[in-house]
Number of protein chains: 2
Amino acid sequence: MESREKIMTAALEVFAEKGKHGARMEEIAKSAGVNKAMLYYFFSSKENLFKEVLVKALHGVFNRIRRTLQQSGLTGLGPAESVKLVVEKHFEAFVQDVPGTKIVLEAFVHEPSEIKRALDQICTETTRDNPCQLEPQRMTEILKAGIVQKIFRPIDVSQLFVSILGMSLIYFSARPIAQLFLGLNAKDEKKFLEQRQASITDLLLHGILEKEATKHA
Amino acid sequence: MESREKIMTAALEVFAEKGKHGARMEEIAKSAGVNKAMLYYFFSSKENLFKEVLVKALHGVFNRIRRTLQQSGLTGLGPAESVKLVVEKHFEAFVQDVPGTKIVLEAFVHEPSEIKRALDQICTETTRDNPCQLEPQRMTEILKAGIVQKIFRPIDVSQLFVSILGMSLIYFSARPIAQLFLGLNAKDEKKFLEQRQASITDLLLHGILEKEATKHA
DNA sequence: TTCCGGTTTAACCAATTCGTCAACTATATC
DNA sequence: GATATAGTTGACGAATTGGTTAAACCGGAA
């Protein structure tokens, strides 16, 4: 692997664990197996390195969500099945890059302006086959459609979106402490993740489906 | 107000905004309107100051939850009403100290061992009229009871607890960026909070109640 | 008044840590 | 083989910042 990449992945890990300010350039260098000066050779400053890592992480999630959704196509699915699929894919996209998601989450709190910039950048880079479908939109569209069709109860879709995000992202905040209290191994964790995902979609669907509607698949 | 208190509240604010490592002792001092040396006079080190702030914040939430719940008593309420009340009170307890909640959340991620220590401490200090009712327990008890009574569907209560926490806490992670994008004023924010709370309990109750059960109040 | 403990401050110290640089290596190109 | 370019390094510079200290302040007790 190229040095630049090695640095990026090491930085991702260290920033995720220690936070932007808690991370030490020296530690990133050591963890990447390169000299500290290399970080400055490629990224010129800590600030810059962090921004690149953050942008890459954000890009990553959005791309994974988009790819995975368009390859498992929503066409033909009813609102309930669509929502289930979309929510699951979101969650999976987060899980596929745990440190990346953590960094994004932290940036939400401490670096909102960076997030905004990165989001704008992602929108700008948008090509014609991806007309800036900033994923939130897609999910709320589906929810609204379901409501119009009387399959979902009339709910506040914005708030619901926040709830879905919350249920999904809490895993990343609570992970270290859960690890400490429960000491999960890799297998336990995989099982926990499956339960988490199932629990989210279960609560969600039962929570939004009209009572007389057909049960979901 | 005493200097010590002034420092604590200033530290709470600064730690919440900048994070443990992003915070500067000088800034805390200035914000508290005291000389930097005072911080060391009272707290001896940054590490220590942070720990005290963290422990106080944790104590705060737990106390608020406990107090508010025992004064609005659960006796006589059915499972549905109980859950609603308990969840609402949790949320309110979080909202009543936004910076405190943020610090706790950050500590969950970056300082799990501190959280554990603080939690143990809280349990130890427990008196006889508060037999270490670490709030999670209480909520899961109610949920289990509801399931036994066939009022709630048979769901994974641990996962559900995590979901409730997630839906409630996401507000604190997303707040800065929402602020940036939407620019909410105090009134907007109050309204948003009410909607948030309503949305949580709405999804939750519809999500866990057995279909044939009586609707909640 | 004097003394004394707790409080407060400005100036200072020391360590951490971000960042730089000049020199060295490796690889490719002519 | 000479030369240029990209990558790499250890040692160093310098700023930030956590932490210290000695002296001053101040209210109350003797």
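Every chain is numbered from 1, with letters handed out A, B, ... down the list of sequences. All heavy atoms count here, side chains included; hydrogens, waters and symmetry mates do not.
- Ion pairing of Glu114(A) with Arg117(A) is present here, as a side-chain N (NZ or NE/NH1/NH2) and a carboxylate O approach within less than 4.0 Å.
- Atom NE2 of His21(A) is separated from atom P of dC18(C) by 11 Å (rounded to the nearest Å).
- Within the 4.0 Å cut-off from OP1 or OP2 of dG18(D), not a single side-chain nitrogen or oxygen of Ser45(B) is found.
- Between Lys20(B) and Glu111(B) there is a salt bridge, since a side-chain N of the basic residue sits under 4.0 Å from a carboxylate O of the acidic one.
- Residue Arg24(A) has its side chain nearest to dT17(C) when only dT9(D), dT21(D), dT17(C) are considered.
- When the nucleotides dT20(D), dG7(D), dC18(C) are ranked by their closest atom to the side chain of Met38(A), dG7(D) comes out on top.
- One can place CG of Asn35(B) at 20 Å from P of dG6(C), the figure rounded to the nearest angstrom.
- Ion pairing between a basic and an acidic side chain is recognised when a charged N comes within 4.0 Å of a carboxylate O; Lys89(A) and Glu92(A) show such pairing.
- Distances from the side chain of Phe42(B) to the nucleotides dT8(C), dT16(C), dT9(C) place dT8(C) closest.
- Of all nucleotides listed (dG19(D), dT9(C), dC18(C)), dG19(D) comes nearest to the side chain of Tyr40(B).
- No hydrogens or angles considered: nothing links the side chains of Ser168(B) and Arg196(B) as a donor-acceptor pair under 3.5 Å.
- Protein atom CZ of Phe15(A) is 12 Å distant from nucleotide atom C1' of dC18(C), rounded to whole Å.
- Contact annotation: side chain of Lys36(A) to base of dG19(C), donor-acceptor pair present below 3.5 Å.
- Side-chain N/O atoms of Ser3(B) include none lying less than 4.0 angstrom from OP1 or OP2 on dT7(C).
- Protein atom CD of Glu2(A) is 13 Å distant from nucleotide atom C1' of dT27(C), rounded to whole Å.
- As judged by a 4.0 angstrom heavy-atom cut-off over every strand, Ala23(A) is placed among residues touching the sugar-phosphate backbone only.
- Counting to the nearest Å, the C1' atom of dT9(D) and the CD atom of Glu26(A) are 12 Å from each other.
- Counting non-hydrogen atoms of other residues, nucleotides and ligands closer than 6.0 Å to CD of Glu2(A) gives a total of 12 or fewer.
- One interatomic measurement links the two molecules: OH of Tyr41(B) to P of dC25(D), which rounds to 17 Å at whole-angstrom precision.
- Regarding Ile7(A), its CD1 atom lies at a distance of 11 Å from the C1' atom of dG7(D), rounded to whole Å.
- Atom CD in Glu5(B) sits roughly 15 Å away from atom C1' in dT7(C) (whole-Å rounding).
- In terms of polar N and O atoms assigned as donor or acceptor, the side chain of Lys46(B) never comes within less than 3.5 Å of the base of dG19(D) in a complementary pairing.
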